[in-house]
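To start, the structure itself, in structure tokens.
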Amino acid sequence: MSRFAGRTILVTGAGSGIGREMARQFVEEGGTVYAADLDPGAVPEGSTPLKVDVTDPDSFAAAVDRAVSETGALHVLCNNAGASSTTDVLDCTLEEWERTFAVNSRGVFLGTKLALPHMLAQGDGAIVNTASVAGLVGLKDRAAYCASKGAVIALTRQVAVQYAGTGVRCNCVCPGTVDSPWVGRLLAAADDPERARAGLVARQPMGRLGTPTEVAAAALYLASDAATFITGTELVIDGGLLAG
């Protein structure tokens, strides 16, 4: 299957976890993939690695410009790069709050702002943002994270409505707890990693964590021609967490 043959795709946070799996699947399905990350050394084979700081307008602009200059277009942007935060309002410092928003919200804004002119000019484009179920419900010890992901969902809806009918669509995926390197680092820092992992699994009605492969597959669906009547939605991939 080559759903993305002849298409140019830019994925941020493509060095590990969900972003790496997105980039890998896009490559597998024929796309010309630019894989951006602060540390692009581990991006998938077949993609073009780019060192990008999504909070830096110049850094992000250089990545978009390179993709467009080398291929003549930008068909898909996956704003996937993210930052974690594991504190409540009282313990969250201003620096932590601003860093979390810089990556999770400002990065999505910058990527969208930079990609839109190219997509509008060609009358074709799909933006897929990585939000989270944390942007739809409150989670303990996730003040900045919940707020920043909620902002991603709201921006996704606004962009979708603003540009509906232009050929440009904007959607987001909202993963639950995913068995990713990021979650692995959180668990490793816990006092009792095994107990912490069991707690994460227990809150999932399906009794397991999600996988980067499952979330990436959802993102590819939203970016594909099979989803041309879908814009402004948040696709929840959480094993039934919100439903419960």
Side-chain angles (χ1 to χ4, degrees), residues 1 3 11-29 42 44 78-88 100 104 108 126 128-154 156-157 170-224 226-227 229-244:
M1 178 167 24
R3 287 186 291 175
V11 180
T12 68
S16 66
I18 293 170
R20 188 180 193 283
E21 186 60 20
M22 286 179 183
R24 188 195 68 77
Q25 290 187 25
F26 277 120
V27 169
E28 190 175 73
E29 297 208 19
C78 290
N79 283 311
N80 172 76
S84 63
S85 174
T86 57
T87 54
D88 65 9
T100 305
N104 293 352
V108 171
V128 182
N129 301 321
T130 300
S132 170
V133 294
L136 295 167
V137 297
L139 298 178
K140 288 185 177 180
D141 299 324
R142 298 290 189 275
Y145 188 75
C146 285
S148 64
K149 291 299 187 178
V152 171
I153 294 168
T156 297
R157 293 170 177 162
C170 186
N171 294 289
C172 63
V173 290
C174 291
T177 307
V178 175
D179 201 356
S180 66
W182 175 57
V183 170
R185 289 191 292 272
L186 290 180
L187 292 175
D191 293 335
D192 186 341
E194 289 188 14
R195 182 178 179 182
R197 182 181 180 86
L200 292 180
V201 170
R203 76 181 185 184
Q204 309 283 138
M206 283 190 173
R208 68 172 178 85
L209 302 184
T211 68
T213 299
E214 291 168 321
V215 179
L220 263 72
Y221 165 68
L222 290 175
S224 76
F229 198 54
I230 301 176
T231 194
T233 195
E234 55 277 353
L235 180 51
V236 175
I237 311 116
D238 70 347
L241 177 64
L242 289 188

Exercise. Sequence neighbours left out, what passes side-chain hydrogen bond (donor to acceptor under 3.5 Å, both in side chains) with Asn129? Give chain and number order.
Key: Asn79, Thr156

For a quick test of your reading: what N or O donor-acceptor pairs under 3.5 Å do the side chains of residues 143-152 make, sequence neighbours left out?
from: Ser148; atom 1: OG; to: Asn104; atom 2: ND2; distance (Å): 3.1
from: Ser148; atom 1: OG; to: Ala144; atom 2: O; distance (Å): 3.0
from: Ser148; atom 1: OG; to: Tyr145; atom 2: O; distance (Å): 2.9
from: Lys149; atom 1: NZ; to: Thr130; atom 2: O; distance (Å): 3.0

Quiz item: Should Asp238 and Arg203 count as an ion pair when the cut-off is N to O under 4.0 Å?
Solution: no

Quiz item: Can Val173 and Ile237 be said to form a side-chain contact (heavy atoms from CB on, under 4.5 Å), step by step?
Solution: CA-CA 7 Å; Val173 290; Ile237 311 116; 3.8 Å; yes

Quiz item: Taking only residues two or more places apart in sequence, or in another chain, which ones meet Arg24 in a salt bridge (Lys or Arg N to Asp or Glu O under 4.0 Å)?
Solution: Glu21, Glu28

Exercise. First locate atom CZ of Arg197, then atom CG of Asp179, and finally report the distance between them rounded to the nearest 0.5 Å.
Key: 4.0 Å

Quiz item: Which pair of non-hydrogen atoms, one from Ala134 and one from Leu139, has the smallest distance, and what is that distance?
Solution: CB-CD1, 3.8 Å

Quiz item: Which heavy atom of Cys174 sits nearest a heavy atom of Ala131, and at what distance?
Solution: SG-CB, 3.9 Å

Quiz item: About how many Å separate OG1 of Thr213 and CZ of Arg20, when rounded to the nearest 0.5 Å?
Solution: 10.5 Å

Practice problem: Under the side-chain hydrogen bond (donor to acceptor under 3.5 Å, both in side chains) rule, collect the residues that match up with Thr231, sequence neighbours excluded. | Solution: none

Quiz prompt | Approximate separation, where rounding is to 0.5 Å, of Asn171 CG and Leu235 CG | solution = 8.5 Å

Practice problem: Please report the shortest heavy-atom distance between Ala126 and Leu222, naming the atom on each side. | Solution: CB-O, 4.5 Å

Exercise. Supply the atom-to-atom distance Arg142 CZ to Thr87 OG1, rounded to the nearest 0.5 angstrom.
Key: 9.0 Å

Practice problem: Report the residues that fulfil side-chain hydrogen bond (donor to acceptor under 3.5 Å, both in side chains) with Glu214, sequence neighbours left out, ordered by chain and then residue number. | Solution: Arg208, Thr211

Self-check item: Shortest non-hydrogen separation from Met22 to Cys78 and the atoms involved
Solution: SD-CB, 4.0 Å

Self-check item: Rounded distance [0.5 Å steps], CE in Met206 versus CG in Leu241
Solution: 11.5 Å

Quiz item: Is the closest side-chain heavy-atom distance between Val137 and Leu242 below 4.5 Å?
Solution: yes

Quiz item: Residues in side-chain hydrogen bond (donor to acceptor under 3.5 Å, both in side chains) with Ser85, at least two apart?
Solution: Glu96

Quiz prompt | Shortest non-hydrogen contact between Pro44 and Ala23, atoms and distance | solution = CG-CB, 3.7 Å

Quiz item: How long is the span from the OH atom in Tyr221 to the CZ atom in Arg3, to the nearest 0.5 Å?
Solution: 10.0 Å

Quiz item: Counting only N and O atoms by type, is there a donor-acceptor contact under 3.5 Å from the side chain of Ser224 to the main-chain atoms of Ala226?
Solution: yes

